[in-house]
Amino acid sequence: MKEVNEEDKEVIEKLLGIEDFKEIEVRVDDTDLMQVVHSNKYLNYFDDGFISFVQKLNKDCGALHKEGIVFPVRKVEIEYLRSATFGDKILIHTRVTKVGNTSITLAMDCYKNNKSKDTLLVKGIIVRLIMDMNKNKLIKITDFFRDF
């Protein structure tokens, strides 16, 4: 295993300590014939949570995309526990669980945001890469997030 230098260790420790919360409201077109959120819509919610997380780290995903920087997904694991319906408020909780050389693993949980308590709906693990499309090359995670 490759040894990690002190600068990279510092970035990794900071990333592991960051979490983000993003609230969204379930739209009617997010639901299926059973009037619950369709399973594939949670991937969109995870994208919303990821963008919010990256913005928290002072990065603008829209501007980065224009520069050719993208965040492809390598792996997704989802466990569906409960359903949400049209009009529900969903809270997406995002946190880093692992930082690799060119990948970052995020735990992303969706909660139904009730006034009195939050109910866990979906648990997700997403592995993302950061890629420079202009160079067709992956970007080292610690280099990308070094300045946050």
Side-chain angles (χ1 to χ4, degrees), residues 1 8 11-148:
M1 186 167 160
D8 286 351
V11 173
I12 291 167
E13 285 178 24
K14 284 183 182 179
L15 285 170
L16 290 171
I18 301 293
E19 61 182 340
D20 184 68
F21 296 89
K22 169 75 174 170
E23 186 179 81
I24 60 163
E25 188 169 338
V26 174
R27 296 167 21 129
V28 70
D29 62 342
D30 290 348
T31 61
D32 60 18
L33 294 174
M34 296 183 298
Q35 300 181 345
V36 299
V37 173
H38 192 278
S39 60
N40 68 2
K41 292 298 181 177
Y42 287 99
L43 295 174
N44 295 343
Y45 299 166
F46 290 160
D47 282 344
D48 290 342
F50 178 74
I51 289 169
S52 179
F53 176 83
V54 171
Q55 286 174 335
K56 185 172 190 168
L57 301 177
N58 299 318
K59 303 282 186 181
D60 181 339
C61 287
L64 288 166
H65 186 263
K66 289 177 184 171
E67 295 172 17
I69 306 299
V70 296
F71 304 92
V73 173
R74 175 182 282 168
K75 182 179 179 180
V76 177
E77 293 178 25
I78 300 177
E79 182 179 358
Y80 301 97
L81 304 169
R82 290 177 185 76
S83 299
T85 59
F86 169 64
D88 285 344
K89 301 250 191 277
I90 304 288
L91 187 67
I92 305 152
H93 180 205
T94 304
R95 64 220 172 271
V96 176
T97 60
K98 182 179 176 186
V99 178
N101 190 42
T102 59
S103 68
I104 187 166
T105 303
L106 302 155
M108 303 190 78
D109 299 328
C110 293
Y111 294 86
K112 184 174 180 180
N113 197 358
N114 299 321
K115 299 275 185 224
S116 59
K117 64 177 182 137
D118 294 332
T119 303
L120 182 60
L121 303 172
V122 174
K123 293 167 53 171
I125 301 290
I126 310 289
V127 178
R128 286 192 178 261
L129 309 171
I130 304 173
M131 183 173 200
D132 184 334
M133 295 291 286
N134 299 314
K135 298 177 183 176
N136 197 26
K137 184 176 178 186
L138 293 176
I139 297 171
K140 186 176 174 186
I141 299 297
T142 52
D143 288 348
F144 182 80
F145 287 113
R146 188 164 315 282
D147 62 347
F148 83 90

Side chains of Lys123 and Leu81: does their closest heavy-atom pair fall under 4.5 Å? yes
Answer whether the closest heavy-atom distance between the side chains of Ile126 and Phe50 falls below 4.5 Å. no
Can you see whether Phe71 has Lys59 sitting over its ring - NZ or CZ less than 6.0 Å from the centre and within 45° of the normal? no
Hey, is Arg95 close enough to Asp109 for a salt bridge, meaning N to O under 4.0 Å? yes
Ser83 versus Val36, closest heavy-atom pair with distance: CB-CG1, 3.8 Å
Can you check whether Leu43 reaches Ile78 side chain to side chain, under 4.5 Å on heavy atoms? yes
Pairwise side-chain contact, Arg146 with Asp8, heavy-atom cut-off 4.5 Å (strictly under): yes
Go through the structure and list residues passing side-chain hydrogen bond (donor to acceptor under 3.5 Å, both in side chains) with Glu23, not counting sequence neighbours. Asn113
Do the non-hydrogen side-chain atoms of Val96 and Ile18 ever get within less than 4.5 Å of each other? no
Please examine the side chains of Leu57 and Leu15, heavy atoms only from C-beta on, and report whether any two atoms are closer than 4.5 Å. yes
Closest non-hydrogen contact found for Ile139 with Met131 is CD1-C, 4.2 Å
So, taking the atom named CD1 in Ile141 and the one named CG in Asn101, what distance separates them when rounded to the nearest 0.5 Å? 8.5 Å
Atom CZ of Arg27: over 12 foreign heavy atoms under 6.0 Å: no
If the condition is salt bridge (charged side-chain N to carboxylate O under 4.0 Å, His left out), which residues does Asp88 pass it with, not counting sequence neighbours? Lys112
Apply side chain to side chain contact (heavy atoms under 4.5 Å, CB included) to the pair Tyr45 and Val122, showing each step before the final yes or no. CA-CA 11 Å; Tyr45 299 166; Val122 174; over 6 Å; no
So, for Asn134 and Gly68, which heavy atoms are closest and what is the spacing to 0.1 Å? ND2-CA, 4.0 Å
Do Ile104 and Phe145 touch side chain to side chain, with heavy atoms closer than 4.5 Å? yes
Sequence neighbours excluded, which residues qualify as salt bridge (charged side-chain N to carboxylate O under 4.0 Å, His left out) partners of Glu77? Lys75
What pair of heavy atoms forms the shortest contact from Met108 to Ile92, and how long is it? CE-CG2, 4.2 Å
Check Lys56 against Glu19 and note the closest heavy-atom contact, atom names and distance. NZ-O, 2.5 Å
Might you point out which heavy atoms bring Ala84 and Leu121 nearest each other, and give the distance in Å? CB-CD1, 3.7 Å
Quick one: are Leu106 and Phe46 in side-chain contact, heavy atoms under 4.5 Å? no
